[in-house]
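Everything on this sheet refers to the single structure shown next.
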Amino acid sequence: MARELVGINAHPEASTDGYEVVHSKSEVFYPVYERKTDLKHQTHYCAGCGHGVVHKLIAEAIEELGLQDRTILVSPVGCSVFAYYYFDVGNVQVAHGRAPAAATGLHRACPDKVVIAYQGDGDLAAIGTAEIIHAANRGEKIAVFFVNNAIYGMTGGQMAPTTLVDQKSTTSPWGRRPVNEGFPLHMAEMLSSLQAPVYIERVALSDNKNIMKARRAVRKALELQRDGAGFSFVEILSPCPTIWGKDPVEAKRWVAEKMIPNFPLEVFRDHKIELPTNNAPPHKTVAELIEGKREEAAAPAPASAHHYRELGIKIAGFGGQGVLLLGQLLAEMGMREGLEVSWLPSYGPEMRSGSAHCQVWLSKEKIGSPLVSHPQVLVAMNEMSLRKFASEVAPGGIILYGRDQLPEDFTISQAQVVCIPASEIADRLGSAKVGNVVMVGALLEATECLHTTTAMKVLEAKVKNANLLELDRQALEAGRIYIDHHVAVGAVAQADGFTQ
Ligand SMILES: Cc1ncc(C[n+]2csc(CCOP(=O)(O)OP(=O)(O)O)c2C)c(N)n1
């Protein structure tokens, strides 16, 4: 008996006209979709939702092209967010609209991977407009699947940039009026005005014929990624029956009758472009860059250094005090000494004189999260930071306070506090700017966490002006000597919070 396989992992179901029809789902999907007990019988998607169909098309294409182990799928916010419950590939979930930016980083760091950004219209064409335009303009080697259902589905039907003229939504209850809300955005057309993209097509899930065309477009976009061809973009006009207030059949008809006339189905771009490469820097992966820095430095770690398994450091002060740079210096030093490092900045919109802080991990093992909730070392460059972060310091930790004395009413029991008049020392050296480098010197001497010669190597690589570099060298030394004279050597480094 002839046997027609519909999908893989087939389970025979019925026999018609000598053919055994077998239904199954792609192996690229997880065998079980995790859901709460009372929802186990259904997926996240409503009946007739286009996301389910697009998932199927993408999964089948990944499977047919043999890309499962090479694929990273980036799902942002919106109904797209659920994708990682379904696709058994590498999954990264990102903030609203940021998928093209995250996908850019992923592909640049892992150029052998096939990276997909899977986005809705609110996500891609509203909050994420900048990301998609610039990723397309740079010709990032990613595939973007843009599920355009002309509405914000997940949040209950607000107007999206692609909402049609006269279409009602909760935020355009009289229908979209161009005079007030502007015209719908045509993303495929907009992106096809750029030079770099290699493939842009708009397809629709209005009927089986168009779904087959969508299937081919999805496959083509992934083939181009497999071959490293460049930026590909498939816009998929997609039904959202629940929010449109239609049943699944009517919703498909609405795609055909209302959406397609407004968003014509077309291949807007299909050609390989040659980007000029004469001015391109030599390509290095992130791993190669880090390795290069380690080799370049080759600073031997002192015997006493790295007496910790991991060291969490928080540095806080005003913008303009060099707080973020101080953290970068430490992270770069750690990297040069062969440690795993992370640096996470946080600053207000003011940049200068607003509060700023950063969190640094130096670790012998891989770092799970860049957040440092209970630092062993707090560098507080001003009183506000001292008061704000002192209670977070781990028991046995140390606070390096960048003033000559503590505020009178300030007490702390779990950590040791060392006052360093950083700005006075910096002023005496001739520039208030190097107060942060004084604190680096103090920190290295007090904790013995990294080597001073490595600090100089990092500064030499960063500071090109010879006078400034000399000033930095003196500041580093001054911070070191201050601690040497005021605190018993090694007393801090041997405190409870530091040892392995
Ligand atoms: C930064 C941020 N802003 C707003 C939201 C609220 N929000 C969640 S989903 C969504 C709209 C998603 O619409 P769309 O991208 O069209 O996807 P759909 O759900 O229709 O597939 C919004 C505004 C959020 N989660 N995060």
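Note that the structure is a prediction, hence the values are computed from the model and not measured. The analysis underlying the following values was restricted to heavy atoms, covering all of them including side chains, and did not include hydrogens, waters or symmetry mates. Whatever order the structure lists ligands and atoms in, that order sets their numbers, starting from 1.
Here Met154 has heavy atoms under 4.0 Å from ligand 1 in both its backbone and its side chain. Residue contacts with ligand 1 for Asn149 involve side-chain atoms from C-beta outward but no N, CA, C or O (heavy atoms, distance under 4.0 Å).
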Pair Leu237, Leu265 - check side chain to side chain contact (heavy atoms under 4.5 Å, CB included), show working. CA-CA 9 Å; Leu237 305 182; Leu265 305 187; 3.8 Å; yes

Verdict with supporting geometry, Thr162 and Phe146, side chain to side chain contact (heavy atoms under 4.5 Å, CB included): CA-CA 12 Å; Thr162 52; Phe146 169 39; 4.2 Å; yes

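The aromatic rings of Phe82 and Tyr45 lie perpendicular to each other, with more than 60° between the two planes, well past the 30° mark. Taking the six-membered ring where tryptophan is involved, the planes of Trp244 and Trp254 are tilted, since the angle between them lies from 30° to 60°.
Under a 4.0 angstrom heavy-atom cut-off, His51 registers as being in contact with ligand 1. Residue contact annotation: Thr155 has a non-hydrogen atom under 4.0 Å from ligand 1.
Residue contact check: Val77 has heavy atoms under 4.0 Å from atoms 8 (C), 9 (S), 24 (C), 25 (N) of ligand 1. Residue Ile151 approaches ligand 1 through these ligand atoms, each under 4.0 Å from one of its heavy atoms: 16 (O), 20 (O).
Side chain to side chain, Ser26 and Glu63 meet the donor-acceptor criterion of an N or O pair below 3.5 Å.
On a distance-only criterion, Asp123 and ligand 1 share at least one N/O pair closer than 3.5 Å. Note: no N/O pair closer than 3.5 Å links Gly78 and ligand 1 by distance alone. Of the polar atoms of Leu124, none of the N or O atoms is found under 3.5 Å from an N or O of ligand 1, judged by distance alone.
When the heavy-atom distances from atom 20 (O) of ligand 1 to Ser238, Gly153, Gly50, Gly157 are ranked, the shortest goes to Gly153. Nearest-heavy-atom check against atom 26 (N) of ligand 1 across His96, Arg98, Gln119 picks out His96.
Contact check on Glu201 versus Lys213 returns no salt bridge, with no Lys/Arg side-chain nitrogen under 4.0 Å from an Asp/Glu carboxylate oxygen.
Here the two rings, on Tyr30 and Tyr85, have centers that are 6.0 Å apart or farther.
The shortest contact between atom 13 (O) of ligand 1 and any protein heavy atom is with Tyr152 CA, 3.6 Å. Considering only non-hydrogen protein atoms, atom 14 (P) of ligand 1 sits nearest to Gly122 N, 3.4 Å.
Contact annotation: the side chain of Ile132 approaches that of Phe231 to within less than 4.5 Å [non-hydrogen atoms, C-beta and beyond].
The nearest pair of heavy atoms linking Leu73 to Ala83 is CD2-CB, 3.7 Å.
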